[in-house]
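Quick notes on the structure that follows.
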2 protein chains.
Amino acid sequence: MVDSEGHPDGDEIALGSVLAALADPLRRQVVAELARAPGGTERTCASFGFPVSKATLTHHFRVLREAGLIRQVNRGNSRAACLRADDIEARLPGLLDLVAAEGGKK
Amino acid sequence: MVDSEGHPDGDEIALGSVLAALADPLRRQVVAELARAPGGTERTCASFGFPVSKATLTHHFRVLREAGLIRQVNRGNSRAACLRADDIEARLPGLLDLVAAEGGKK
DNA sequence: ACAAAGGTACGATGCAATCCGTACCTAAGG
DNA sequence: CCTTAGGTACGGATTGCATCGTACCTTTGT
């Protein structure tokens with residue numbers, strides 16, 4: 001079941017949808033940055049500074065939301081995205097670490 | 001670097017390619033069955049019994065091979081595929097467990 | 001009231017992935 | 001030698017995905 005805003009339940013997060021969502025480099029970077037940030041960090045779509053149009057951004061964040069990777073909540077003016085770290089870790093343990101590690105060798 | 005048969009080195013296995021390869025349900029099932037089998041198990045392409053043509057099978061196994069997930073060796077008459085479990089586990093620890101667990105609740 | 005910022009919805013486009021049929025190759029076995 | 005089994009290579013059809021422009025909505029701030 002999904003709520004009215006398109007978020008699947010934690011126990012409905014499907015491996016196939018998650019892998020498909022993470023196959024795109026832009027979406028993977030969103031998850032990677034959120035995973036490396038302190039827990040519960042909220043980011044606005046535009047704050048990532050990707051060189052794509054607003055319409056494309058909406059599309060990518062929808063895919064991430066419907067896969068269960070992020071949660072989007074209304075914050076008045078804009079819409080904040082935060083990683084569903086607990087849900088993902090409970091269902092696909094270790095996956096976030098792999099994504100967070102990529103490109104994070106500073 | 002890849003060898004003459006299209007196998008990437010263990011340290012060149014890219015997360016993006018692996019996730020893209022595993023995004024397809026058929027390819028994910030190949031990896032899942034190999035991961036659940038005893039270590040070093042060799043399977044022929046046709047032995048999986050997928051309802052697709054031979055040409056399509058070749059395509060999917062090529063994607064898996066070029067992503068570094070399987071190794072294909074000539075076994076005289078046919079061609080055996082085996083999981084590169086050690087290489088994958090070294091580079092993407094935990095990933096194989098996630099794939100193996102899916103659909104494997106017996 | 002108005003404008004600006006952040007997102008969404010819709011339709012269109014271009015490219016990549018999937019899938020197939022066919023032809024071909026190689027090795028094993030009669 | 002001939003047949004069969006397992007794969008590959010090539011070309012084509014179809015579908016899906018990423019991307020965009022445009023129009024529109026809502027909230028904040030002036």
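Just so it is clear, the values below take in all heavy atoms, side chains as well, and ignore hydrogens, waters and symmetry mates. Just so it is clear: chains get the letters A, B, ... in the order the sequence lines come, proteins before strands, and each one is counted from 1.
Around CG of B/Asp9, the count of heavy atoms belonging to other residues, nucleotides or ligands within 6.0 Å exceeds 12.
Nearer to the 5' terminus of DNA chain C, by closest-nucleotide assignment, is the contact made by A/Arg62 (compared with the other of A/Arg62 and B/Leu26). Heavy-atom distances to DNA chain D give each of A/Arg27 and A/Arg75 a nearest nucleotide, and the one nearer the 5′ end belongs to A/Arg27. Ranked by how close their nearest DNA chain D nucleotide is to the 5' end, A/Val63 and A/Asn77 are led by A/Val63.
B/Phe61 places its CZ atom 19 Å from the P atom of C/dA17, with the value rounded to the nearest Å. Atom CG in B/Asn74 sits about 10 Å away from atom C1' in C/dA27, given to the nearest Å. Rounded to a whole Å, the CZ atom of A/Arg79 is 14 Å from the P atom of D/dT26.
A heavy-atom distance below 4.0 Å to DNA chain C is reached by these residues of residues 45-60 of chain A, ordered by number: A/Cys45, A/Ala46, A/Lys54, A/Ala55, A/Thr58.
Identified under the side chain to side chain donor-acceptor pair (under 3.5 Å) test for residues 13-31 of chain B, with sequence neighbours left out: B/Arg27-B/His60, B/Arg28-B/Glu102, B/Gln29-B/Glu33.
At least one donor-acceptor pair closer than 3.5 Å links the side chain of B/Glu89 to the backbone N or O of B/Gly94. Using a distance-only test at 3.5 Å, with no hydrogens or angles considered, a donor-acceptor pair links the side chain of A/Asp3 to the main chain of A/Glu5. Judged purely by atom type and a 3.5 angstrom limit, B/Arg91 uses its side chain to pair as donor or acceptor with the backbone of B/Ile13.
Between the side chains of B/Ser53 and B/Thr56, at least one donor N or O lies within less than 3.5 Å of an accepting N or O.
When heavy atoms are screened at a 4.0 angstrom cut-off, A/Asp24 is found touching the sugar-phosphate backbone but no base atom.
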